[in-house]
2 protein chains.
Amino acid sequence: MLAVTRKTDYGLIVLVHLAEHRGEFCSAREIADRYKMPLAMVTNILKTLLRSGFIASERGSRGGYQLSLPAADISVLSVIESLEGPLRLVQCVLSATNSSFGACGLEAHCPIRSPIQRLHEGLREYLEKISVADIAARPAVTPLVRATVGA
Amino acid sequence: MLAVTRKTDYGLIVLVHLAEHRGEFCSAREIADRYKMPLAMVTNILKTLLRSGFIASERGSRGGYQLSLPAADISVLSVIESLEGPLRLVQCVLSATNSSFGACGLEAHCPIRSPIQRLHEGLREYLEKISVADIAARPAVTPLVRATVGA
DNA sequence: TGAATATAGCACCGATCAAGTCCTATTTCA
DNA sequence: TGAAATAGGACTTGATCGGTGCTATATTCA
């Protein structure tokens with residue numbers, strides 16, 4: 001229902017933490033303890049973020065994770081898509097064939113498809129412009145995103 | 001995962017249909033048939049939209065539904081909240097006590113709370129500015145919503 | 001060398017929610 | 001009175017979310 005899963009929630013916390021500890025390797029346990037998140041979840045999330053290339057890992061007893069990209073280059077959108085799969089506001093937004101209206105005849109095609117596509121694109125742009133660095137910059141400094149409707 | 005449920009999907013179609021048939025009473029069956037949506041779903045959605053005051057109903061064999069508000073006054077946000085409950089990007093966005101970080105100590109408070117609040121507000125504004133009338137206006141005319149990050 | 005501490009990769013489970021169905025009133029018209 | 005509509009529920013099923021567990025591998029350090 002237009003909510004982000006807890007994975008993304010945790011994932012952003014993890015990334016913000018790493019952004020604030022640039023240069024160090026932080027262990028999953030350390031991060032989980034710090035923010036009272038379940039360790040197993042955090043490790044899973046870190047593994048996913050690793051596969052997506054946002055972070056680098058080092059094994060062994062001094063191992064851990066660190067950002068492999070500037071925090072400003074990691075968008076909230078990319079984090080969401082890494083942890084939850086491709087963003088789709090509604091089912092039919094990705095492929096025409098997947099649409100629940102894909103089987104509709106010629107004239108009875110979905111009356112809201114194209115506007116919803118727009119809305120979806122707007123949402124993507126919106127989330128793409130906000131980076132982990134923005135979120136790490138915490139206070140009221142956090143950019144107020146203004147959506148403007150118009151031609 | 002940041003998706004809207006099918007209820008909202010159907011709901012918008014229903015409202016757009018009613019907007020395009022101002023003055024007439026349209027039956028649930030008529031609308032369900034027209035867009036090949038499951039009748040039972042459509043009737044449930046109409047009942048909810050009725051309770052929310054967006055539409056008016058008339059019983060009996062000539063009965064049906066019609067908009068009780070100008071389409072321009074029904075925002076996508078209000079439709080979503082009617083059909084899916086209050087918008088919450090993350091769990092902790094509504095009440096501080098509900099937060100999974102509500103139990104955190106003083107110093108270990110959630111590092112992303114306030115930026116996420118902003119993001120949530122931005123999303124609300126965004127969806128509030130788009131109305132059923134905008135969606136009914138279908139073609140490329142549909143307002144392109146531009147998210148701008150900045151002070 | 002071996003124990004401790006990391007990551008790596010899966011498979012799995014329970015609770016919740018989405019999506020859809022069904023049943024039983026009640027109202028209105030013909 | 002019967003057909004067709006709304007009104008208000010409960011209910012079922014399947015998918016997803018949130019979380020756990022296990023095994024293997026790598027690295028450090030005593």
Side-chain angles (χ1 to χ4, degrees), chain A residues 1-11 13-14 18 24-33 35-66 68 80 83-86 88-92 98 100, chain B residues 1-11 13-14 18 24-33 35-66 68 80 83-86 88-92 98-101:
Chain A
M1 34 98 114
L2 209 45
V4 107
T5 69
R6 206 162 279 197
K7 267 188 197 167
T8 294
D9 204 354
Y10 292 158
I13 294 177
V14 164
L18 294 181
E24 317 169 29
F25 277 96
C26 303
S27 75
R29 179 182 308 277
E30 176 187 336
I31 301 174
D33 286 355
Y35 304 103
K36 306 199 193 309
M37 301 182 287
L39 175 59
M41 284 247 74
V42 171
T43 65
N44 280 338
I45 288 164
L46 283 163
K47 285 176 228 174
T48 303
L49 294 175
L50 177 73
R51 276 189 288 257
S52 297
F54 300 130
I55 60 179
S57 68
E58 201 150 286
R59 289 184 167 195
S61 64
R62 306 290 276 201
Y65 300 87
Q66 66 178 7
S68 61
I80 292 175
L83 293 169
E84 311 192 17
R88 53 181 175 88
L89 189 57
V90 296
Q91 253 99 343
C92 62
N98 264 357
S100 58
Chain B
M1 33 95 120
L2 208 45
V4 107
T5 69
R6 205 161 279 197
K7 267 187 197 168
T8 294
D9 205 355
Y10 293 157
I13 293 177
V14 163
L18 294 181
E24 318 170 30
F25 277 96
C26 303
S27 74
R29 178 182 310 275
E30 176 187 334
I31 301 174
D33 287 355
Y35 305 103
K36 306 199 193 311
M37 302 181 287
L39 174 60
M41 284 248 73
V42 171
T43 64
N44 280 338
I45 288 163
L46 283 164
K47 286 177 229 173
T48 304
L49 294 174
L50 177 74
R51 276 189 289 258
S52 297
F54 300 130
I55 60 180
S57 68
E58 200 150 287
R59 290 186 166 193
S61 63
R62 306 290 277 202
Y65 300 87
Q66 66 178 6
S68 60
I80 293 176
L83 293 169
E84 311 192 18
R88 54 180 174 89
L89 189 58
V90 296
Q91 253 99 343
C92 62
N98 264 356
S99 164
S100 58
F101 295 93

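Chain naming here is simple, since letters A, B, ... match the order of the sequence lines and numbering starts at 1 in each. In this text, all values refer to a predicted model and were calculated from it rather than measured experimentally.
Nearest-nucleotide positions on DNA chain D place Glu84(A) closer to the 5' end than the other of Glu84(A) and Ala40(A).
Considering only heavy atoms from C-beta on, Leu89(B) stays 4.5 Å or farther from Leu2(A) through its side chain. A heavy-atom distance below 4.5 Å is found between the side chains of Ile31(B) and Leu18(B). Contact annotation: the side chain of Ile45(A) never approaches that of Met37(A) to less than 4.5 Å [non-hydrogen atoms, C-beta and beyond].
Applying the side chain to side chain donor-acceptor pair (under 3.5 Å) rule to Thr5(B) yields the partners Glu84(B); only residues at least two apart in sequence or on another chain are considered. For Ala32(A), the side-chain contact (heavy atoms from CB on, under 4.5 Å) partners at least two apart in sequence or on another chain are Leu39(A), Val42(A). Partners of Asp33(B) by side chain to side chain donor-acceptor pair (under 3.5 Å), not counting sequence neighbours: none found.
Distance NZ (Lys36(A)) to C1' (dG19(D)): 19 Å, rounded to an integer number of Å. Distance CG (Leu39(A)) to P (dG19(D)): 13 Å, rounded to an integer number of Å. A straight line from CE of Met37(A) to C1' of dT20(D) spans 17 Å, rounded to a whole angstrom. Taking atom CD of residue Gln91(A) and atom C1' of nucleotide dG14(D), one finds them 13 Å apart after rounding to whole Å.
Closest approach of Phe25(A) and Arg62(A) over heavy atoms only: CB-O, 4.5 Å.
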Encode nucleotides 4-9 of chain D as B, S and - characters from 5' to 3', where the letter depends on protein heavy atoms closer than 4.0 Å: B to the base, S only to sugar-phosphate, - to neither.
-> BSBSBB

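Put simply, chain B comes within 4.0 Å of DNA chain C, heavy atom to any atom, from dA18(C) to dC29(C), going 5' to 3'.
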Could you pull out all donor-acceptor pairs under 3.5 Å where a side-chain atom in residues 51-58 of chain B meets a protein atom, sequence neighbours excluded?
unit_1: Ser52(B); atom_1: OG; unit_2: Thr48(B); atom_2: O; d: 3.2
unit_1: Ser52(B); atom_1: OG; unit_2: Ser82(B); atom_2: OG; d: 2.7

